[in-house]
Amino acid sequence: MFQVPRGTRDFIPGEMQKRRYLEQSMAATFTSFGYGEIRTPTFENLELFAAKSGESIINELYAFTDKGGRKLALRPELTAPVIRCYVERLQMEPKPLKLFYFGNCYRYDRPQKGRYREFQQAGCEIIGADTSEATAELLALAFTLLKNTGLKNIQLQIGNLTLISAILKKLHLLEDDQKRLLPFIDKAQFDDAKSILRDCNVKENDAERFISILQTSDTNEIRRFIADDTQAVKELDAMQTILSLLSNAFHISEYEIKLSIVRGLDYYKGLVFEIDAPILGAEKQLCGGGSYELVSIFGGSQVPTSGFAIGFDRTILALEEEGFTFPPLKLDVFIIPVNQDMVTTAIQIAQNLRSHGLSVDFEQLRRGIGRSLKYADAKHVERVIIVGPKELEKNTVTIRNMKTGNQETVGIAEIYAKLTTPDM
RNA sequence: GCCCGAAUAGUGUAGCCUGGUAACAUAUGGGACUGUGGAUCCUCUGUGCCGGGUUCAAAUCCCGGUUCGGGCCCCA
């Protein structure tokens, strides 16, 4: 027997229903914030991803050579393709340019819950605006997007790479030592971080203060630490403006400052953020983003960019874990012809109701009424129309409400009107 | 890539320890019931992840692989 390749999934109608719901919810939120949708190819030139993330990333890609000898890769994320498209076609668009996307991505990882080799991301990029209000809106959008899907428990954490490097500078570390230190900081393993600092001959006192600043949410404490670094002070001022807009204008106050967010790659600058769903355990990060510099790496003229990506599959998992009720897949009407002579009329009624925008099906296996009703019940149909000779003589049919069990005889011309009344 | 656990009809499970005809529920198909039977009853089909080993005999014990799940690594 054949099965899906490792780390991939089929989505059957009940699952697609959930995914469509989520996609529509997210698209509506993006649109309401003035974003336009963009779609790029499923594969790109391998070089694009290597340029963005370094050669070492190739190990984790689905990469291949096509018949023309081109080196290609299935996209592992969507920021690089979107920025490539911007540089290629959209540089002269009025700014700011706001783009959102959905797309399948591919990574050669070990699959586990919430982690697949083929997975879907949703996300956006804003190009050409780096004011506090633009950044605050980006944070608000990420948070609102997830809240609007129906998620209850999420955590927004905000860090800043400019500040963290200013703080690191105070420790006078060598570049290599910094690189060794950062992963531990990102994972909040502060004891390990401390022992590295000790190895690097950082004074115990400074190390303690450094670790405590990473964990604080108090901007004043951070300010005292970096007071003599004018660039860092400026960044902190901007960050405070962003946070105050977030609370006072966007009315989002459920965030925390977490300077230990480092994120993977070098091209992030300034503000970075993550949103977690703690209910998911090990693979709990739903969203990651921030400001970055990619346009110039791809050969475009420099312009500020920021954005975020959301793990679509994890968002569904988190909603399921929270017991969220997705809108069910349902038929509006099921039509049962009592005998073969009624089939033509049944189909005519079905076609008429379909033209009014209802989803309609009819009995096609010539089963008796009992079986047909059972089928309608299993399909969660709201209303059933029974077309039988007795009623048809008077040009009527029986409409049965499956929830209440109410039945009514209705003229054929009045079916649609009757179905749209609240009691039927 | 590493460590651990799991895999039995479409779905959910029992049996495995202690080897001896593979079972139950539910769902699907067919039928009884000739217009409400969304019921009830009858019934067909359908199951040991794959490969090897031990054994007279393997779902059961052993080895390898695959897939899924938990935890690492990584997480653009």
Side-chain angles (χ1 to χ4, degrees), chain A residues 1-10 12 14 44 48-61 73-83 105-117 119 121 123 183 186-187 189 261-268 272 274 276 280-290 292 294 297 307-309 311 314 317 334 336-342 363 365-393 397-409:
Chain A
M1 223 181 44
F2 292 110
Q3 8 176 287
V4 292
R6 182 171 164 86
T8 67
R9 295 155 295 160
D10 295 316
I12 58 179
E44 295 271 355
L48 178 75
F49 302 112
K52 180 197 177 206
S53 311
E55 297 289 328
S56 62
I57 222 69
I58 295 173
N59 295 326
E60 289 161 58
L61 290 177
L74 299 182
R75 60 190 178 199
E77 49 92 32
L78 283 156
T79 298
V82 168
I83 296 303
C105 300
Y106 302 83
R107 293 182 193 176
Y108 197 87
D109 261 343
R110 187 184 95 54
Q112 60 189 72
K113 191 176 178 125
R115 192 164 194 182
Y116 308 96
R117 289 183 168 180
F119 59 99
Q121 279 196 345
D186 191 38
K187 265 172 278 179
Q189 294 171 353
I261 294 178
V262 174
R263 295 198 63 76
L265 293 176
D266 303 341
Y267 61 78
Y268 276 103
V272 289
E274 294 178 352
D276 291 345
L280 289 183
E283 303 291 332
K284 68 178 180 190
Q285 193 188 323
L286 292 183
C287 173
Y292 55 89
L294 254 192
I297 296 176
F308 60 80
R314 285 185 193 176
L317 278 175
F334 188 71
I336 305 174
V338 168
N339 61 41
Q340 276 303 98
D341 295 335
M342 302 297 114
E363 171 60 35
L365 287 177
R366 305 178 179 179
R367 287 176 290 216
I369 288 194
R371 289 285 172 148
S372 297
L373 285 172
K374 193 181 171 187
Y375 176 80
D377 186 44
K379 288 288 194 181
H380 306 111
V381 178
E382 289 179 1
R383 277 84 48 102
V384 165
I385 296 175
I386 299 167
V387 186
K390 278 191 257 170
E391 298 95 326
L392 201 56
E393 270 176 33
V397 295
T398 298
I399 301 181
R400 179 181 178 87
N401 184 309
M402 295 296 278
K403 266 190 206 124
T404 61
N406 288 342
Q407 279 192 194
E408 233 175 286
T409 304

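Note on naming: letters A, B, ... go to the chains in the order of the sequence lines (proteins, then strands), and numbering restarts at 1 for each one.
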Protein N or O to nucleotides 1-5 of chain B N or O, pairs below 3.5 Å:
from: B:C2; atom 1: N4; to: A:Arg110; atom 2: NE; distance (Å): 3.1

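- Nearest-nucleotide positions on RNA chain B place A:Leu373 closer to the 5' end than the other of A:Leu373 and A:Thr79.
- When the P atom of B:U36 is taken as reference, atom CZ of A:Phe334 falls 17 Å away, rounded to whole Å.
- Remark: the separation of the C1' atoms in B:A39 and B:G35 is 15 Å, to the nearest Å.
- The side chain to side chain contact (heavy atoms under 4.5 Å, CB included) test applied to A:Pro337 returns A:Met342, A:Val343, A:Ala346, A:Glu363, not counting sequence neighbours.
- One can place CD of A:Gln340 at 15 Å from C1' of B:G35, the figure rounded to the nearest angstrom.
- No side-chain heavy atom of A:Cys105 sits under 4.5 Å from any side-chain heavy atom of A:Tyr116.
- In this structure, of B:G69, B:A76, B:G35, it is B:G69 that holds the atom nearest to the side chain of A:Lys113.
- Judged purely by atom type and a 3.5 angstrom limit, A:Arg75 has no side-chain atom pairing as donor or acceptor with the backbone of A:Glu44.
- Among residues two or more places apart in sequence or in another chain, the side-chain hydrogen bond (donor to acceptor under 3.5 Å, both in side chains) test is passed with A:Glu274 by A:Arg263.
- Legend: residues meeting side chain to side chain contact (heavy atoms under 4.5 Å, CB included) with A:Ile12, ordered by chain and number and at least two apart, are A:Glu15.
- Nearest to the side chain of A:Met402, among B:A76, B:C75, B:G38, sits B:G38.
- One atom, CD of A:Gln407, and another, P of B:G38, lie 10 Å apart when rounded to the nearest Å.
- Each of B:G38, B:G35, B:C72 was ranked by its minimum atom distance to the side chain of A:Gln112; first place goes to B:C72.
- B:A25 and B:C62 have their P atoms separated by 32 Å, with the value rounded to a whole Å.
- For A:Phe334, the ring pair (Phe, Tyr, Trp, His ring centres under 6.0 Å) criterion is met by A:Tyr375, not counting sequence neighbours.
- To the nearest 0.5 Å, atom CG of residue A:Asn401 and atom CD of residue A:Gln407 are 10.0 Å apart.
- Counting to the nearest Å, the C1' atom of B:G70 and the NZ atom of A:Lys284 are 16 Å from each other.
- With C1' as the reference atom, B:C73 and B:A57 are 46 Å apart, rounded to whole Å.
- Residues forming a side-chain hydrogen bond (donor to acceptor under 3.5 Å, both in side chains) with A:Arg371 (at least two apart in sequence, or on another chain): none.
- Nucleotides B:U45 and B:G65 have their C1' atoms positioned 32 Å apart, rounded to a whole Å.
- Distance CG (A:Asn401) to C1' (B:G38): 13 Å, rounded to an integer number of Å.
- Here A:Gln285 lies out of heavy-atom contact (under 4.0 Å) with every strand.
- With sequence neighbours excluded, the residues that form a side-chain hydrogen bond (donor to acceptor under 3.5 Å, both in side chains) with A:Arg115 are A:Asp109, A:Glu283.
- At a cut-off of 3.5 angstrom, the base of B:G35 holds no donor-acceptor pair with the side chain of A:Arg400.
- A:Ile386 comes within contact range of at least one nucleobase, with a heavy-atom separation under 4.0 Å.
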Which protein N or O atoms sit under 3.5 Å from an N or O of nucleotides 25-29 of chain B?
from: B:G29; atom 1: OP1; to: A:Arg367; atom 2: NH1; distance (Å): 3.1

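- Nearest-nucleotide positions on RNA chain B for A:Pro389 and A:Pro76 put A:Pro389 closer to the 5' end.
- One cannot find a donor-acceptor pair under 3.5 Å joining the base of B:U66 and the side-chain atoms of A:Gln3.
- A side chain to side chain donor-acceptor pair (under 3.5 Å) with A:Glu77 is found for exactly one of A:Arg107, A:Lys52, A:Gln121, namely A:Lys52.
- Under the rule for a salt bridge (Lys or Arg N to Asp or Glu O under 4.0 Å), A:Arg117 has no partner lying at least two apart in sequence or in another chain.
- B:C73 atom C1' lies 10 Å from atom CD of A:Glu60, rounded to whole Å.
- If you measure from atom CZ of A:Arg115 to atom C1' of B:G70, you get 13 Å, rounded to the nearest angstrom.
- Taking atom CG of residue A:Leu294 and atom C1' of nucleotide B:A76, one finds them 10 Å apart after rounding to whole Å.
- The separation of B:A6 from B:C44, taken at their C1' atoms, amounts to 33 Å, rounded to a whole angstrom.
- Using P as the reference atom, B:G46 and B:C3 are 41 Å apart when rounded to the nearest Å.
- Here A:Gly7 lies in heavy-atom contact (under 4.0 Å) with sugar-phosphate atoms only.
- Look at the C1' atom in both B:U47 and B:U8: the space between them is 6 Å, to the nearest Å.
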Pairing string, 5' to 3', for RNA chain B - Watson-Crick or wobble contacts under 3.5 Å, brackets [ ] where pairs cross, | to another strand: (((((((..((((......[..))))..((((.......)))).....(((((..]....))))))))))))....
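- Among the protein residues, A:Glu391 comes within range of the nucleic acid bases, having at least one heavy atom under 4.0 Å from a base atom.
- Inter-residue side-chain proximity for A:Lys403 and A:His380 is flagged as unmet; no heavy-atom pair is nearer than 4.5 Å.
- Annotation: side chain to side chain contact (heavy atoms under 4.5 Å, CB included) contacts of A:Lys113 (sequence neighbours excluded): A:Leu317, A:Glu321.
- The side-chain hydrogen bond (donor to acceptor under 3.5 Å, both in side chains) check on A:Tyr106 picks up A:Glu118, with sequence neighbours excluded.
- Rounded to a whole angstrom, the distance from the C1' atom of B:U28 to that of B:G10 is 8 Å.
- Phosphate contact (OP1/OP2 of B:C68, side-chain N/O of A:Arg6, threshold under 4.0 Å): present.
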